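A short worksheet on the structure shown next.
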Amino acid sequence: MTLDQDAQLVRMVNQIAANLGGGREPDEAADGVCDHLEKFWARPMKRRVIACLDEADNGLAPLARQAVEPLAERQAG
Amino acid sequence: MIEHFDPRQHGRDLGTPAPAADGAPVRLEIDGVAITVPAGTSVLRAAALADINIPKLCATDSLEAFGSCRLCAVQVEGRRGTPAACTTPVAEGMRVTTQSERLARLRRNVMELYISDHPLDCLTCPANGDCELQDMAGAVGLREVRYGFEGENHLAAESDDSNPYFSFDPSKCIVCSRCVRACEEVQGTFALTIDGRGFDSKVAAGQDQAFMDSECVSCGACVQACPTSTLMEKSVIEAGQPEHSVITTCAYCGVGCSFEAQMKGDQLVRMVPWKGGDANHGHSCVKGRFAFGYATHPDRITTPMIRESIDQPWREVGWEEAIAFAAERLRAIQAEHGRESVGGITSSRCTNEETYLVQKLIRAAFGNNNTDTCARVCHSPTGYGLKTTLGESAGTQTFDSVMQADAIIVIGANPTDAHPVFGSLMRKRLRQGASLIVADPRRIDLLKTPHLADAQHLPLRPGTNVALINALAHVVIAEGLEDQDFIAARCDTEAYRAWRDFIIEERHSPEASEAITGVPAEAVRRAARTYATAGNGAIYYGLGVTEHSQGSTMVMGIANLALATGNIGREGVGVNPLRGQNNVQGSCDMGSFPHELPGYQHVADATARGRFEAAWGVTLDDEPGLRIPNMFDAAIEGSFKALYVQGEDIAQSDPNTQHVEAALSSLECLIVQDIFLNETAKYAHVLLPGSSFLEKDGTFTNAERRINRVRRVMPPLAGKADWEVTIDLARALGYPMDYAHPSEIMDEIARLTPTFAGVSYDKLEERGSLQWPCDAEHPDGTPTMHEVDFPIGRGRFAITEYVATEERASRRFPLLLTTGRILSQYNVGAQTRRTDNQVWHDEDVLELHPSDAEVRGIRDGDWLGITSRAGQTVLRARLSERMQPGVVYTTFHHPGSGANVITTDSSDWATNCPEYKVTAVQVEKVSRPSEWQRRFDDFDRRQRQHLAQARDAALQATEVGT
């Protein structure tokens, strides 16, 4: 079940990245995705997706990964 | 033209409609009384305004003057003859006489002829006490009828009782044409006509058919318009005339019609749409006017019930025991699994005050932000998309604004079925000549509007909305049709430049996107030109926009198009989401979403949160909570254990039913508050009786941000209104809430929510209704938004990249299923299935194109198995050319249909609003119900038994006791 939940969250971040990626510079897009997660995702969901960063084959698209990394910093701060 | 509520005109019939508001003042004298009225006013109306009541029969102020009965004849100084006051406009210096010997004789003669062909059974007639013919006979002093009944007459004409709600008795008909005109002018269906000529003239439905066999949609406008008992509600025939009435607001769709609930004691005899209602101006549909019987249906739950597990029978208990049981379970679960292991769902059917209390209970007493509402599954993308681009999560106009629109785009909405009263208003405007563009996979009924000249239909493939809206915007920019002045003055320059560079790319041209959308490039170009150059362009949209994986993107795309063409900030234009349920707007406004406090104030905003913390006396979580689909996932995973659901049936309405069922079965405590044992309640441990909208005070907010009063007309069947139950639960959890009346809850909302600062029950009483924002700057509310600026300063264009949905047709699932509603049923059908509305739609069917049917050997009426990657269900086939080949359609009003067994967990990227509108499926002929349906029937039977056992046990206990 846990793996399913992780996969579901990764799928969601990738979907957000695909929608916020177009027509923007990569840094700006990553900021947008990170802001979105910060603003709309519940604490446990953020924790879970941040934890996925440590897994090698987590399935995060490049832009999604680029957004979750700063999210980890913001949440730690 | 914004028509405001005028309390002085309550319940009076002024004979003819108000003229255009800008008419020059005209002075005249009627029976020696001087009066000034706007040009275009009829003499009949001018007299009524001076409280001079000229007899009339064919005239009524909801319909244009007709001049057929001649009862309102008057004399005008300097003119010959006796003109009809209803068709005679006022003129400067005119001197009118309404009472004279000549007029009295004339009117008596007219009445005498009417009565010579009318039954004289007044004492036993259902209209006795409410008959204009009777009133007029009295008014003109009719004392004899010289003609007798020996000659030819209509007294033996047969009644038509085919409609379940009203009867048609032509023997009582005076052929005044009010019903025919109401059907044309108000409803716009044109189902009625006057058949024959002279003495043979009679009212006929359709091609002289029974009402039920005609195209009549049973809106009841004809019944309301009828001055005699010819068209009469069966409820009045049965119960007699009501003795008092209360003005309240309908609890069906997001139009939010005002009604006069006409009562006999605490029995509701009939609902009459109220002319003073600014959302509906006296019109209604078959649901609001007639389908209220569910409120007193024997299936109503009237006693609280509890059980340890869902395979046990229910046990009827008192309120106190049920609340204590629920509170103890919630506390125990939080102690064991943590503060975040519980949550709740507020209801879009309940009042603003009730919704506000449930989210307050969750945030303050549960101590987390795990609150959500059914808007999650319908209009959450509207909230996100409009807030991002325009700065406020709401539609921009009043309903009446459509009467100023020159070009109307309808995207993914079906107003004649889902928002019928607004649909009728839109049709009225279309008959006046506004252009119509419909973007929808189906050929919706709006395209069949009688006397509609030139409609454009863009039949796009499901799931390609964003590609289409980008193509429309591309044309506007590429062909130089944008409103440069508006963009320069009102929009963020940087965001516009970025968007312009994006949208001008050739890949967004109609020619490039034709392969994606399936809509011919030339049709897209024509539609864009129509919208951009018509003058006032207005966009209306529904769930066909939001319920997609790119729902939020599409909402932003719509806002981009309106901004680029300057179609924002005045009457006749705007971005208009048509809300599904009565209080979807209100439930969103009231802080139901996990990331937003009331008034769309983010939980991370320390200033806003601080105000709530101070008022509520608790510390609030600054992180968003779980949304409904996240709750389901967390429940299945095991970290989410208890849920409080008020007035929503997630087990039937949410997608991927088997996933929802698994989630609900995983909960250790499910508390359901509802008026019926709905599908969700079958998984519950605590069942708290809900109260219908007739049983409580409060407010609903409709799709035009209009806050309308809901007034109690009968006591709650179970003894408590929903807001009282939430207060009890909060108290049991150790968080007392102190309100004696919903008005006090509204006062608290006004203190904490800037956009509601000026709202109070007193103000609502005075103004009838208020459209938020209502604050110091706009003390009477805001009919049209963004007139001067946006809440975020300047409008922000958003980049709207088209991303194809993962849900696409394949070899295994070659068809696309899309879902929708039908006029007679409402959402999950819990209410309408318990009324005679069943006669119009007693089962959900699968509509498919004849060519798709032919290759599969399917005939109309065959049983079809519909399979998606989520599940399978079985429905009957209906062949229909409204569908394009490759697309199939069904409704979701009946639980056993299992429409949501097939829909998937695919959802909007920004809000997780489910993608109900696109599911890849295969269909094939089958001979028996699906496995899910057999399981459903079995579970349903068992749960009904559990309920019956509880009722039997309680009955026995009472008998033993006595």
Side-chain angles (χ1 to χ4, degrees), chain A residues 1-52 59-68 70-77, chain B residues 338 340-341 343 368-370 372 380 384 388 466 470 498-499 501-503 505 508 549-550 552-553 556 593-596 602-605 621-627 629-634 636-640 662 666 798-806 905-912:
Chain A
M1 279 298 174
T2 306
L3 278 178
D4 274 3
Q5 174 90 345
D6 286 352
Q8 172 76 352
L9 294 176
V10 165
R11 183 178 156 209
M12 284 162 63
V13 190
N14 287 345
Q15 202 191 350
I16 294 166
N19 274 276
L20 290 179
R24 295 171 184 85
E25 296 300 319
D27 285 354
E28 189 197 346
D31 270 359
V33 177
C34 182
D35 285 348
H36 185 91
L37 297 176
E38 189 172 36
K39 207 171 159 188
F40 295 100
W41 277 31
R43 187 184 291 113
M45 293 162 68
K46 287 175 185 157
R47 280 192 197 137
R48 294 286 291 265
V49 79
I50 289 167
C52 288
L60 283 170
L63 179 59
R65 168 174 273 280
Q66 213 186 321
V68 176
L71 180 73
E73 286 163 33
R74 291 192 203 179
Q75 289 290 303
Chain B
E340 291 175 344
S341 60
N368 63 46
N369 286 324
N370 292 334
D372 208 356
S380 51
Y384 177 89
T388 306
V466 173
N470 283 347
W499 176 78
D501 290 347
F502 162 81
I503 208 74
E505 289 174 28
H508 298 307
S549 67
Q550 281 205 293
S552 294
T553 311
M556 295 190 289
F593 289 142
H595 66 289
E596 281 169 337
H602 200 276
V603 291
D605 175 348
D621 194 348
D622 63 351
E623 283 273 359
L626 296 166
R627 302 178 280 205
N630 312 141
M631 291 181 196
F632 293 155
D633 290 343
I636 290 172
E637 186 204 31
S639 59
F640 189 77
S666 311
I799 306 284
T800 49
E801 187 71 54
Y802 167 66
V803 179
T805 172
E806 291 167 19
D905 57 0
S906 176
S907 70
D908 173 45
W909 64 272
T911 65
N912 283 152

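The shown structure was predicted, so the numbers you read here are calculated from the model rather than taken from an experiment. Every chain is numbered from 1 and lettered A, B, ... according to where its sequence line falls, protein lines coming before strand lines.
- Rounding to the nearest 0.5 Å gives a distance of 8.0 Å between CG of B:Asn630 and CD of A:Gln5.
- Considering all non-hydrogen atoms of both residues, A:Gly22 and B:Glu801 come closest at CA-OE1, 3.4 Å.
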Check against side chain to side chain contact (heavy atoms under 4.5 Å, CB included), A:Gln15 and B:Thr805: CA-CA 10 Å; A:Gln15 202 191 350; B:Thr805 172; over 6 Å; no
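- Of the two parts of A:Leu20, only the side chain, counted from C-beta on, holds a non-hydrogen atom closer than 4.5 Å to a non-hydrogen atom of chain B.
- Residue with the most contacts toward chain A among B:Glu505, B:Arg627, B:Glu596: B:Arg627 (heavy-atom pairs, distance under 4.5 Å).
- In this structure B:Phe502 satisfies the ring-ring contact (aromatic ring centres under 6.0 Å, His included) test together with B:His508, sequence neighbours excluded.
- In this structure, chain A has no heavy atom under 4.5 Å from any part of B:Thr911.
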Trace of the side chain to side chain contact (heavy atoms under 4.5 Å, CB included) decision for A:Phe40 with B:Asn912: CA-CA 10 Å; A:Phe40 295 100; B:Asn912 283 152; over 6 Å; no
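- Taking CD from B:Glu806 and CG from A:Asn14, the interatomic distance works out to 9.0 Å, rounded to the nearest 0.5 Å.
- In this structure, no portion of B:Thr388 lies under 4.5 Å from any heavy atom of chain A.
- Across all their heavy atoms, A:Ile16 and B:Trp909 have their closest contact at CG1-O, 3.3 Å.
- To the nearest 0.5 angstrom, B:Ile799 atom CD1 is 5.5 Å from A:Arg24 atom CZ.
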Side chain to side chain contact (heavy atoms under 4.5 Å, CB included) evaluation trace for A:Gln75 with B:Glu623: CA-CA 10 Å; A:Gln75 289 290 303; B:Glu623 283 273 359; 3.2 Å; yes
Audit row: B:Asp621, A:Arg43, side chain to side chain contact (heavy atoms under 4.5 Å, CB included) steps and yes/no: CA-CA 10 Å; B:Asp621 194 348; A:Arg43 187 184 291 113; 2.6 Å; yes
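- Proximity to chain A involves both the backbone and the side chain of B:Ala910, based on heavy atoms less than 4.5 angstrom apart.
- Taken to the nearest 0.5 Å, the CG atom of B:Asp633 stands 7.5 Å off from the CE atom of A:Met12.
- Taking both residues in full, the closest heavy atoms of B:Pro624 and A:Lys46 are given as CD-NZ, 3.9 Å, listed atom of the first, atom of the second, then distance.
- Of the listed residues B:Tyr384, B:Trp499, B:Phe593, the one with more heavy-atom pairs under 4.5 angstrom with chain A than any other is B:Tyr384.
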